[in-house]
Trainee: 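Attaching a single structure in structure tokens format; questions to follow.
Reminder, nothing fancy here: chain letters follow the sequence lines and each chain counts from 1.
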2 protein chains.
Amino acid sequence: MKYSKATNYALHTMLFLAVATPNKLVSVHQLAEWQKVSPTYLSKILTKLVKEGMIDSSSGANGGYSLKSNWEDISFLDIIHAIEGKSSLFDCCLNEEPECLIKQTMLSAEEKMEDELKSQKLVELAKKIKVDI
Amino acid sequence: MKYSKATNYALHTMLFLAVATPNKLVSVHQLAEWQKVSPTYLSKILTKLVKEGMIDSSSGANGGYSLKSNWEDISFLDIIHAIEGKSSLFDCCLNEEPECLIKQTMLSAEEKMEDELKSQKLVELAKKIKVDI
DNA sequence: CAATTACAGACTTTATATATCTATAATAAC
DNA sequence: GTTATTATAGATATATAAAGTCTGTAATTG
Ligand code: SF4
Ligand code: SF4
């Protein structure tokens with residue numbers, strides 16, 4: 001069980017947009033070159049973020065991607081959910097038996113991780129990095 | 001990102017051993033039939049648990065698997081680690097940059113989940129289930 | 001010895017992640 | 001309006017890992 005590389009690319013891209021160029025448009029070409037990944041593949045990933053309403057895109061010359069105006073609300077969990085989906089990490093055969101203790105335990109542990117990821121806002125990381133620089 | 005079915009089988013098996021027959025030997029045949037999974041596949045999984053010192057096995061007629069004497073210390077995390085391995089869920093290209101904020105955030109969230117899984121002991125679940133019955 | 005059970009390794013199958021290729025649509029610059 | 005630039009979509013391909021099978025071996029019991 002691992003986070004996918006796609007999630008990794010999404011997190012890095014979002015932090016890049018937040019730190020380096022909070023307003024300007026950045027092309028997938030730049031982002032892909034920086035992360036050493038193919039532009040078409042990264043494009044697929046970024047399109048998911050667009051559909052989740054986290055970033056804007058514009059076609060044409062000097063087009064690219066930019067954070068949406070409400071970007072300061074975005075958490076790590078939002079980004080991860082956009083790429084990995086929102087279903088539980090624990091799949092059991094039948095999702096009947098709501099009071100099953102195994103399921104409860106696994107879900108509650110997962111919730112602890114999600115709570116932490118939800119509390120980590122992109123904007124806070126971006127601020128810290130800017131101070132470092 | 002999902003927990004593997006193997007982890008699911010391991011958790012179910014351990015709880016079965018803890019609840020139903022804390023002392024007696026149970027064959028993989030029984031365990032596999034109960035979980036509707038092939039015996040040879042389940043056998044592979046249980047061998048991992050043997051190697052991690054969580055259960056004992058004995059060959060020969062009337063052989064099978066049983067919990068080890070120290071089984072009351074076993075947590076969910078122990079079982080999961082035995083099957084999924086102990087490496088982090090978050091893999092980034094170079095594991096340099098120890099102060100990287102993305103990595104720190106992901107690892108600390110994962111730690112929250114692991115802390116919860118570590119606090120959930122098999123024996124406590126077994127007790128609750130026995131009371132229910 | 002014969003039956004039963006765990007263990008080991010090679011192998012196959014299936015599923016998913018990762019990546020590529022090609023074509024289309026939108027926009028800006030000229 | 002034409003051309004260059006950029007995002008989007010869908011089909012396809014490759015790589016990797018999970019899931020499961022098959023076969024043979026070792027250990028134990030009776
Ligand atoms: S017993 Fe619980 S964990 Fe297992 S399959 Fe049923 S609901 Fe899921
Ligand atoms: S920047 Fe941080 S998260 Fe990204 S690859 Fe480097 S260490 Fe890993």
Side-chain angles (χ1 to χ4, degrees), chain A residues 1-13 17 21 24-33 35-68 80 82-85 87 89-93, chain B residues 1-13 17 21 24-33 35-68 80 82-85 87 89-93:
Chain A
M1 182 171 68
K2 294 275 180 191
Y3 282 106
S4 66
K5 288 189 181 185
T7 291
N8 195 313
Y9 297 143
L11 289 172
H12 282 77
T13 299
L17 292 176
T21 58
K24 236 177 58 181
L25 288 169
V26 183
S27 74
V28 72
H29 179 76
Q30 290 176 258
L31 293 165
E33 188 163 283
Q35 294 180 68
K36 310 241 191 302
V37 60
S38 102
T40 49
Y41 184 46
L42 187 58
S43 164
K44 270 194 182 352
I45 295 165
L46 298 191
T47 299
K48 284 189 181 178
L49 298 177
V50 171
K51 293 204 168 150
E52 292 295 323
M54 296 183 179
I55 55 178
D56 270 327
S57 69
S58 55
S59 294
N62 302 320
Y65 296 93
S66 64
L67 294 171
K68 292 200 78 157
I80 292 169
I83 307 299
E84 306 263 352
S87 71
L89 302 183
F90 183 70
D91 262 347
C92 58
C93 50
Chain B
M1 184 171 66
K2 293 275 181 192
Y3 283 106
S4 66
K5 288 190 180 184
T7 291
N8 196 313
Y9 296 142
L11 289 171
H12 283 77
T13 298
L17 292 176
T21 59
K24 235 177 58 181
L25 286 170
V26 183
S27 73
V28 72
H29 179 77
Q30 291 175 256
L31 293 165
E33 189 162 282
Q35 294 179 70
K36 310 240 191 304
V37 62
S38 104
T40 48
Y41 184 45
L42 186 59
S43 165
K44 269 194 186 348
I45 295 164
L46 298 191
T47 299
K48 284 190 181 179
L49 298 177
V50 171
K51 294 205 168 148
E52 292 294 324
M54 294 183 181
I55 56 179
D56 270 327
S57 68
S58 55
S59 294
N62 303 319
Y65 297 93
S66 64
L67 294 172
K68 292 199 80 157
I80 292 169
I83 307 300
E84 306 263 351
S87 71
L89 301 183
F90 184 70
D91 262 348
C92 57
C93 48

Trainee: In chain order, what residues pass the salt bridge (charged side-chain N to carboxylate O under 4.0 Å, His left out) check against A/Lys68, with sequence neighbours excluded?
Mentor: A/Asp56

Trainee: For a quick check of understanding: with a heavy-atom distance under 4.0 Å over all strands, which category does A/Tyr9 fall into, base, sugar-phosphate or nothing?
Mentor: sugar-phosphate

Trainee: Whole angstroms only, please: what is the CG-P distance between A/Leu31 and D/dT6?
Mentor: 12 Å

Trainee: Which atom pair, heavy atoms only, marks the closest approach of B/Ile83 to B/Lys48?
Mentor: O-NZ, 3.6 Å

Trainee: Can you name the closest pair of heavy atoms from A/Leu25 and A/Ser58 and give their distance?
Mentor: CD1-OG, 3.4 Å

Trainee: Taking all heavy atoms of A/Ser38 and all of A/Ala32, pick out the closest pair and write down the distance.
Mentor: C-CB, 4.1 Å

Trainee: Take the protein atom CG of B/Asn8 and the nucleotide atom P of D/dG20, then report the distance between them rounded to whole Å.
Mentor: 11 Å

Trainee: Rounded off to whole Å, could you give me the CG-to-P distance for the B/Leu89 and C/dA17 pair?
Mentor: 15 Å

Trainee: Specify the separation, in whole Å, of atom NE2 of A/His29 and atom P of D/dT5.
Mentor: 11 Å

Trainee: Once you round it to whole Å, what is the distance between C1' of D/dT5 and CG of A/Leu25?
Mentor: 13 Å

Trainee: How would you list, by chain and number, every residue that makes a side-chain contact (heavy atoms from CB on, under 4.5 Å) with A/Ser57, sequence neighbours excluded?
Mentor: A/Val50, A/Tyr65

Trainee: Determine: side-chain N/O of B/Ser58 to OP1/OP2 of C/dA6, distance under 4.0 Å, yes or no.
Mentor: no

Trainee: Applying side-chain contact (heavy atoms from CB on, under 4.5 Å), name anything that partners A/Gln30, two or more places apart in sequence or on another chain.
Mentor: A/Val26, A/Ser27

Trainee: Looking at every heavy atom in both B/Met1 and A/Tyr3, which two are closest together, and how far apart are they?
Mentor: CE-CE2, 3.2 Å

Trainee: I'd like a table of atom pairs between the protein and nucleotides 28-30 of chain C - only N or O on both sides, under 3.5 Å - with the distance next to each one.
Mentor:
residue: C/dA29; atom: OP1; partner: A/Asn62; partner atom: ND2; Å: 3.4

Trainee: Quick check: closest heavy atoms across B/Val28 and B/Pro39, and the distance to 0.1 Å?
Mentor: CG2-O, 3.7 Å

Trainee: Under the salt bridge (charged side-chain N to carboxylate O under 4.0 Å, His left out) test, which residues partner B/Lys2, sequence neighbours left out?
Mentor: A/Asp91

Trainee: Expressed in angstrom and rounded to an integer, what is the separation of B/Ile83 atom CD1 from D/dA17 atom C1'?
Mentor: 16 Å

Trainee: With nearest nucleotides of DNA chain D determined for A/Met1 and A/Tyr65 from heavy-atom distances, which residue corresponds to the more 5′ nucleotide?
Mentor: A/Tyr65

Trainee: So, OP1 or OP2 of C/dC7: does either fall under 4.0 Å of a side-chain N or O from B/Ser57?
Mentor: yes

Trainee: Between C/dA26 atom C1' and A/Asp56 atom CG, what is the distance in whole Å?
Mentor: 15 Å

Trainee: Going by heavy atoms closer than 4.0 Å, what residues in residues 35-52 of chain B are next to DNA chain D?
Mentor: B/Ser38, B/Thr40, B/Tyr41, B/Lys44

